[in-house]
Enquirer: 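Here it is, the structure in full.
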Amino acid sequence: MVYVSFGSVAAMDKEKLQEVAWPPSTPTSLYPSLNGRSANTSVVFYMLILALVTNRKVDLAFEGFMRMRAWDYGFKLSVRSCNSMLAALVRCGKIGNVEFAYKEMVRRRIEADLTTFNTVVNRLCKAGRLNKASDIVEHMSVYGVTTSVVTYNTLIDDYCKRGGAGRMYKADALLKKMVEKGLSPSVITYNILIDGFCKDDNLAASLRLLKEMKEQGVRPSVITYNTLINGLCADGKIDEAMSLRDEMVGRVWSQILLLIMYLSMDIPRRKC
């Protein structure tokens, strides 16, 4: 087994570093922004960082990322290697390193993708830095990256849980912005908001969202109904809670009947 220190890698001169060869079977087409030996070198560093992350040597992977002056050697670290390191830093709760690594990626002109942004936004939200997370989401388009439902769900969830004064107003505004950008809220989006409004003692807003999701063709889940039923019961509105329960049971039974009808159809089955 060969042990490589990042100090020795950083100390290698340009010619020697570019001589690092990778097995011919490695598909360099996975790295379209690189070619020739530069691509092979990028693969080497990707595998090195991935190996360190897999073996829970996150600090060493981060140190390597910071010490690799990649642009001096005529290649760029791949976004895949950076994403692997960012995900590991998130799991270890190293919020400072996550933000610093992201800034370094921007400075080194490593093209971040949706995975990069979702990872950073998730970590910033968990650290309670919602304004910073919102700023990054707003600037995603500058880097040519389109926001996803997951991106907004992360922000909305954390605004509902730790957004402080006016948190539900901000969360609801994010829902509207999401729709304006052409994204369709999922049942998870609505469940997050309904739960947030129920905990904020705003049942009217929760029921409004239930009506809205039905109009948008989003099927309420058992979690949706349970959240609303608990909220209504806590507010003493037992009759409305029972009505929702009956609606939920009716939906479940209708789905069961459809399944039974499908299974009872005379569909030719392939012989084993």
Side-chain angles (χ1 to χ4, degrees), residues 86-87 90-91 93 95 98-99 102 112-143 145-237 240-241 244 247-248 251:
L86 285 173
V90 166
R91 288 194 297 271
I95 173 60
V98 171
E99 190 173 358
Y102 167 71
D113 59 13
L114 182 59
T115 301
T116 310
F117 284 108
N118 282 348
T119 302
V120 175
V121 168
N122 177 272
R123 186 61 251 172
L124 288 171
C125 285
K126 293 297 180 286
R129 302 185 61 183
L130 299 178
N131 290 336
K132 180 65 176 178
S134 297
D135 289 342
I136 288 178
V137 171
E138 287 299 313
H139 285 88
M140 284 175 68
S141 59
V142 175
Y143 299 100
V145 179
T146 305
T147 50
S148 68
V149 175
V150 173
T151 313
Y152 276 101
N153 283 353
T154 302
L155 265 180
I156 291 170
D157 183 49
D158 281 278
Y159 264 112
C160 289
K161 290 178 179 176
R162 50 175 72 84
R167 61 194 179 90
M168 292 312 302
Y169 173 81
K170 294 173 184 176
D172 198 40
L174 282 170
L175 174 66
K176 291 181 174 63
K177 186 175 291 187
M178 193 177 162
V179 174
E180 287 172 5
K181 290 193 174 185
L183 294 171
S184 300
S186 65
V187 65
I188 295 173
T189 314
Y190 283 111
N191 285 348
I192 291 168
L193 283 162
I194 287 171
D195 180 65
F197 277 119
C198 282
K199 289 177 178 176
D200 204 42
D201 296 325
N202 191 344
L203 283 171
S206 293
L207 293 169
R208 170 181 60 80
L209 285 170
L210 176 65
K211 180 182 177 182
E212 181 182 314
M213 69 187 296
K214 289 178 181 177
E215 290 173 349
Q216 295 298 321
V218 180
R219 186 186 296 274
S221 67
V222 174
I223 294 173
T224 315
Y225 284 111
N226 283 346
T227 303
L228 285 165
I229 289 169
N230 287 335
L232 289 166
C233 287
D235 201 45
K237 298 179 179 179
E240 291 182 49
L244 273 182
E247 181 182 321
M248 177 181 68
R251 281 181 176 270

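Remember, it's a predicted structure, so these values are computed and weren't measured experimentally. Just the heavy atoms: all of them, side chains too, but no hydrogens, waters or symmetry mates, feed the values below. If you read the sequence from its start, that first residue is 1, and numbering goes on from there.
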Enquirer: Looking at residues at least two apart in the chain, or sitting in another chain, which of them share a side-chain contact (heavy atoms from CB on, under 4.5 Å) with A241?
Expert: I229, L232, C233

Enquirer: To the nearest 0.5 Å, how far apart are CG in L155 and CD1 in I192?
Expert: 10.5 Å

Enquirer: Measuring from D195:CG to N226:CG, what's the distance to the nearest 0.5 Å?
Expert: 11.5 Å

Enquirer: Please give me the minimum heavy-atom distance between V145 and A112, naming the atom from each residue.
Expert: CG2-O, 3.5 Å

Enquirer: Report all side-chain donor-acceptor pairs from residues 173-185 shorter than 3.5 Å, counting only partners two or more places apart or in another chain.
Expert:
{"from": "K176", "atom 1": "NZ", "to": "D172", "atom 2": "OD2", "distance (Å)": "2.8"}
{"from": "K177", "atom 1": "NZ", "to": "E138", "atom 2": "OE2", "distance (Å)": "3.2"}
{"from": "K181", "atom 1": "NZ", "to": "Y152", "atom 2": "OH", "distance (Å)": "3.3"}

Enquirer: For T116 and L86, what are the C-alpha separation, side-chain angles and deciding distance, and is it a side chain to side chain contact (heavy atoms under 4.5 Å, CB included)?
Expert: CA-CA 8 Å; T116 310; L86 285 173; 3.7 Å; yes

Enquirer: If only atom types and distance count, is the side chain of D113 paired as donor or acceptor with the main-chain N or O of T115 below 3.5 Å?
Expert: yes

Enquirer: Where does the angle between the aromatic ring planes of Y143 and F117 fall among parallel (under 30°), tilted (30 to 60°) and perpendicular (over 60°)?
Expert: tilted

Enquirer: Kindly write out the residues that satisfy side-chain contact (heavy atoms from CB on, under 4.5 Å) with K214, not counting sequence neighbours, or none if the list is empty.
Expert: L210, P220, Y225, E247, R251

Enquirer: Do N191 and T227 pass the side chain to side chain contact (heavy atoms under 4.5 Å, CB included) test, and can you show the C-alpha distance, the side-chain angles, and the key distance before you say yes or no?
Expert: CA-CA 8 Å; N191 285 348; T227 303; over 6 Å; no

Enquirer: To check you understand the geometry: which heavy-atom pair defines the closest contact between L228 and L244, and what is its length?
Expert: CB-CD1, 3.7 Å

Enquirer: Are any non-hydrogen side-chain atoms of M248 and V222 less than 4.5 angstrom apart?
Expert: yes

Enquirer: Side-chain contact, heavy-atom cut-off 4.5 Å: L130 with Y159?
Expert: yes

Enquirer: Say you draw a straight line from CG of L193 to OG1 of T224; how long is it, rounded to the nearest 0.5 Å?
Expert: 11.5 Å

Enquirer: Output every pair passing salt bridge (Lys or Arg N to Asp or Glu O under 4.0 Å) with a member in residues 114-136, not counting sequence neighbours, ordered by first then second residue.
Expert: E99-R129, K126-D158

Enquirer: Once side-chain contact (heavy atoms from CB on, under 4.5 Å) is applied, do any residues pair with S186, and if so which ones, sequence neighbours excluded?
Expert: V149, N153, I188, T189

Enquirer: Return all side-chain donor-acceptor pairs below 3.5 angstrom for residues 201-209, not counting sequence neighbours, or 'none' if the list is empty.
Expert:
{"from": "N202", "atom 1": "OD1", "to": "A205", "atom 2": "N", "distance (Å)": "3.1"}
{"from": "S206", "atom 1": "OG", "to": "I194", "atom 2": "O", "distance (Å)": "3.2"}
{"from": "S206", "atom 1": "OG", "to": "C198", "atom 2": "N", "distance (Å)": "3.3"}

Enquirer: Heavy-atom distance under 4.5 Å between the side chains of L114 and V150, does that happen here?
Expert: no

